[in-house]
Novice: 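Have a look at the structure that comes next, please.
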Amino acid sequence: MHRLTIYKTSLLMIISKPFLGWGASIYPIFYLLKNEEYTGHSHNLFFELAINYGLPVSIMFFVFLIYLLKKSIDVINKNANK
């Protein structure tokens with residue numbers, strides 16, 4: 001149940017400032033004020049990037065990660081065929 005509260009708070013923060021984010025390390029303070037409980041991070045890398053730096057940064061990281069994964073699979077398959 002705690003993880004769902006963390007995700008809900010994360011999504012509310014992302015929705016309220018989607019383009020530039022809130023700035024680095026604000027999540028624990030915001031979560032503590034809203035829920036009266038300490039949590040150091042959002043438990044999700046893409047949420048964390050979107051909260052701190054905005055959705056564009058999170059999306060660019062996701063696209064880069066998919067690109068890197070695809071290239072890695074291509075190299076592995078190329079080497080397996082030799």
Novice: Nearest 0.5 Å, please: how far is CD1 in I26 from CD1 in I29?
Specialist: 4.5 Å
Novice: Quick one: do the E48 and N44 side chains pair a donor with an acceptor below 3.5 Å?
Specialist: no
Novice: Taking the side chain as every heavy atom from C-beta outward, state whether P28 and T39 have any pair of such atoms under 4.5 Å apart.
Specialist: no
Novice: Whether K78 and D74 form a salt bridge (side-chain N of Lys/Arg under 4.0 Å from carboxylate O of Asp/Glu) is what I want to check.
Specialist: no
Novice: Can you confirm whether I66 sits close enough to F61 that some side-chain heavy atom of one is under 4.5 Å from a side-chain heavy atom of the other?
Specialist: no
Novice: Does Y38 reach the side chain of Y31, with side-chain heavy atoms less than 4.5 Å apart?
Specialist: no
Novice: Please give me the minimum heavy-atom distance between S25 and N52, naming the atom from each residue.
Specialist: N-OD1, 3.7 Å
Novice: Restricting to non-hydrogen atoms, name the atom on P56 and the atom on P18 that form the minimum distance, rounded to 0.1 Å.
Specialist: CD-O, 3.7 Å
Novice: If I compare all heavy atoms of L49 with all of V57, which pair ends up nearest, and what's the gap?
Specialist: CD2-CG1, 4.5 Å
Novice: When you compare the side chain of I14 with that of F47, does any pair of heavy atoms fall below 4.5 Å?
Specialist: yes
Novice: Just wondering, do K34 and T9 contact through their side chains at under 4.5 Å, heavy atoms?
Specialist: yes
Novice: What's the shortest heavy-atom distance between F46 and S58, and which atoms?
Specialist: O-OG, 2.9 Å
Novice: Counting N and O atoms only, with roles assigned by atom type, does the side chain of W22 sit under 3.5 Å from a partner on the main chain of M13, one being a donor and the other an acceptor?
Specialist: yes
Novice: Atom CZ of residue position F62 - does it have more than 12 heavy atoms of other residues, nucleotides or ligands inside 6.0 Å?
Specialist: no
